[in-house]
Amino acid sequence: MADFESFIPALHRPTSLLPIVRHKEALLYTVEKHQVTVLIGQTGSGKTTQLPQYLEQAGWCNDGKVIAPRRVAATTVAKRVSEEMRCQLGQQVGYSIRFEDVSSATTRIKFLTDGLLLREALVDPLLSRYSVIMVDEAHERSLSSDVLLGVLKKVCKRRPELRIIVSSATLDAEQFLNFFSGTNSEDTTTEYNSIGQIISIEGRTHPVDIHYMTEPCEEYLQRAVKTIFDIHSSEPEGDILVFLTGRDEIETITEMIANRLPSLPDGSEKILPLPLYAGLTTEQQMYVFEPAPDNTHKVICATNIAEASVTIDGIIYVIDCGFVKLRAFNPTTGIETLTATPVSKASAAQRAGRAGRTKPGKCYRLYTEAAYNSLDDVTVPEIQRSNLAPMILQLKALGIDNIARFDFITPPPAELIIRALELLFSLGALDDYAKLTKPMGTRMAELALEPMLAKCLLSATSFGCLSEMLTIAAMVSLQSSVWFTHDTKKAEETARRKFAVEEGDHLTLLNVYQAFVTKGKKDSKWCQQHYLNFKSMSRAVSIRNQLRRYLERFGIDVTESLGGNDVLRAGGRPKEESIRRCLTSGYFAHAARMMPDGTFRTVDGGTVLHAHPSSLMFNRKADWVIFTEVMETGDKTFIRDVTKIEKAWLLEYAPEFYRVKS
DNA sequence: GAGCACTGC
């Protein structure tokens, strides 16, 4: 998303006009007097770009320490600040994101992601390099920022001179302050209250008229289209932003709009529907920022991406369907779900606010006022609906052994913690006392991989397939697709078949990577011919290099074996079998068996699974398989990255896990 | 026959 930041006009507003300027003295006073400052200010208030500079000028970085606000787009904010301070990026002002560290010994203001700061805590538990740490956009309540706040609260007690700034929305400000003040809610004695203060630098926002439905509507897509055309015919001109839940809806509605365009009277203004969701390429997403042609109104049909991550100026009308697709993790089944859920009041307010950025606007909620009143105040934080295994692994590595007693701003449900502990135990990362094992557990925590995948990589040496697992781990952890999903499905399918390996998706991915680095010569044209995403493939190379460096540091021999993977043997086994065995040693908890009808069943037989259409196993026969990802969407549960295994391997590599279950 | 949004020394 980094590319978008350069399109946020607020970022290029003259500094003197930023709302924060009037609060400079008050801010510096508060930071001087209190350990914690909760800062209320919206995007565009200047908090991320200006406050670090104020602190630097005030001498907070004099002893060579660094301020670390976190921002997704650390790069662009750092660039802006270095320009304002007239210094070279990477000198006084720098940033650090995965694969890119543009900072040096002279860096006084450093922008980095919260995940990265947490990793720094692994080697520097008191974060002693920093004098002030700003946790930006803390109200978004991401898993890593929640964990970071808990860690910072501990660090504060040991480092009274450390200053924390938490940037938040109005609604959560008290909660953050109470969190740092003491034992969260009840205990708000005066002694503790002096630890922090709330400062609001809220700039002027324009009023937004809220309109509700008088009756609940069943088909909100149709209703949205009607609203778009009503606005177009009877309201003053302005662009429209429609919040929907996903790609499907967005494609449907843009078609519905296009179909109704001929009904517009001759000579009237035109409507230009534009899709916006994360699955689009950066180039495709850029259209929403371009000014509409003359006599044309943009109608941007977007997912939640437009709620916080992407800011589009010039929006006067917002249409809010009232739903968002949220990820959740079911601790009973261990399956992730992705389902449309009613938004929270905070989310609805944020969406409405998108209409009032440039002048007064209007927001049409496609639900009744009664429905609005029944919404939750805020979205359930990620920490209460996620697979906590990675987080627990990280906390253990930070020396926080008693997870149940860790000071979370909102504690995760016990079932999620138990499920995660069970998994980590079965993977050999934790011992009988729930302590991190050495070296397996500590290494798993350090690797930037999911625990199950980390286990595969760390056991690869014993299976004689380390080089191959490095590649597979890199390919599997790519979040974006390796394949271009063009409309030309057949061509894509034949291209994919060239790399297909009978045993499944993981070996196919290995094949793709090996072809890329040998025949492909890192050439984008070659990728195009084979319907491969060049950016994804290059990222896989970076991830693989990073993983190899981790292993080297662990003292694991990563000498790369050259030659074809079919002919190499380890322990008298074909290489592909070693790889599949190795995958089983990490993914045994993700095993399933194919039924005669082509669907799969979990080991307990309780859940029906479908091979995702992007998987080789979608139209192939198999018996037992393991898979890297499982997700329930709509009414089906899909498994992705599927590889054939032998049932006996499950008992061989996870005897305890399967003895208990069966 | 198909996935919201983020992210990792």
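Here is how names work: the chains are called A, B, and so on, in the same order as the sequence lines, proteins then strands, and each is numbered from 1. When reading the values below, keep in mind they use all heavy atoms of this one structure, side chains included, and skip hydrogens, waters and symmetry mates.
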Item to check | Residues which pass side chain to side chain contact (heavy atoms under 4.5 Å, CB included) with A:Pro381, listed by chain and number, not counting sequence neighbours | outcome: A:Arg141, A:Asp146, A:Ile383, A:Gln384, A:Thr410
Next on the checklist: What's A:Glu100 touching, base or sugar-phosphate or nothing? Going by heavy atoms closer than 4.0 Å.
Outcome noted: nothing
Next on the checklist: Do the side chains of A:Lys47 and A:Glu137 get close enough for a salt bridge, i.e. N-O under 4.0 angstrom?
Outcome noted: yes
Checklist entry - Using a cut-off of 4.0 Å on non-hydrogen atoms, how would the nucleic acid contact of A:Leu122 be classed: base, sugar-phosphate, or nothing? => result base
Next on the checklist: Please determine whether a side-chain nitrogen or oxygen atom of A:Gln546 lies at a distance below 4.0 Å from atom OP1 or OP2 of B:dG8.
Outcome noted: no
Next on the checklist: If you only use heavy atoms from C-beta on, which nucleotide in B:dA5, B:dC9, B:dA2 is closest to the side chain of A:Phe638?
Outcome noted: B:dA2
Checklist entry - To the side chain of A:Ile305, which of B:dA2, B:dC6, B:dG8 is closest? => result B:dC6
Item to check | Gap between atoms CG and C1', on A:Leu326 and B:dA5 respectively (whole Å) | outcome: 9 Å
Checklist entry - Starting at the 5' end of DNA chain B, which residue's closest nucleotide do you reach first, A:Val324 or A:Leu447? => result A:Val324
Next on the checklist: Any side-chain N or O of A:Thr113 below 4.0 angstrom from OP1/OP2 of B:dG8?
Outcome noted: yes
Next on the checklist: Output the rounded distance in Å from CD (A:Glu336) to P (B:dA5).
Outcome noted: 14 Å
Checklist outcome for this item: A:His612 has its side chain closest, among B:dA2, B:dC9, B:dA5, to B:dA2
Item to check | d(CG, A:Asn545; C1', B:dG8) in whole Å | outcome: 16 Å
Checklist entry - Taking atom C1' of B:dT7 as reference, at what distance in whole Å does atom CG of A:Leu478 sit? => result 14 Å
Next on the checklist: In this structure, how many angstroms lie between the C1' atom of B:dA5 and the CG atom of A:Leu338, rounded?
Outcome noted: 10 Å
Item to check | Separation of B:dA5 P from A:Tyr277 OH (nearest whole Å) | outcome: 10 Å
Checklist entry - Any side-chain N or O of A:Ser144 less than 4.0 Å from the OP1 or OP2 oxygen of B:dT7? => result no
Checklist entry - For the side-chain hydrogen bond (donor to acceptor under 3.5 Å, both in side chains) test, which of A:Arg119, A:Arg553, A:Gln394 pairs with A:Glu446? => result A:Arg553
Next on the checklist: What's A:Leu118 touching, base or sugar-phosphate or nothing? Going by heavy atoms closer than 4.0 Å.
Outcome noted: nothing
Checklist entry - With A:Phe638, which residues qualify under ring pair (Phe, Tyr, Trp, His ring centres under 6.0 Å), at least two apart? => result A:His612
Checklist entry - Where the side chain of A:Ile97 is concerned, which of B:dG1, B:dA5, B:dG8 is the nearest nucleotide? => result B:dG8
Checklist outcome for this item: Judged by nearest nucleotide, the residue sitting upstream toward the 5' end of DNA chain B, A:Glu450 or A:Asp248, is A:Asp248
Checklist entry - Could you give the NE2-to-P distance, from A:His610 to B:dA2, as a whole number of Å? => result 10 Å
Checklist entry - Rounded to whole angstrom units, what separation is found between the CG atom of A:Leu244 and the C1' atom of B:dA5? => result 15 Å
Checklist entry - Among B:dA5, B:dG8, B:dG1, which is the nearest nucleotide to the side chain of A:Phe618? => result B:dG1
Checklist entry - What nucleotide, of B:dC9, B:dG1, B:dG8, holds the atom closest to the side chain of A:Lys636? => result B:dG1
Item to check | Short N-O contact, A:Lys325 and A:Glu249, less than 4.0 angstrom | outcome: no
Checklist entry - Thinking salt bridges, do A:Glu251 and A:Arg247 make one under a 4.0 Å N-O criterion? => result yes
Checklist entry - Looking at the side chain of A:Val123, which of B:dA5, B:dC9, B:dG1 is the nearest nucleotide? => result B:dC9
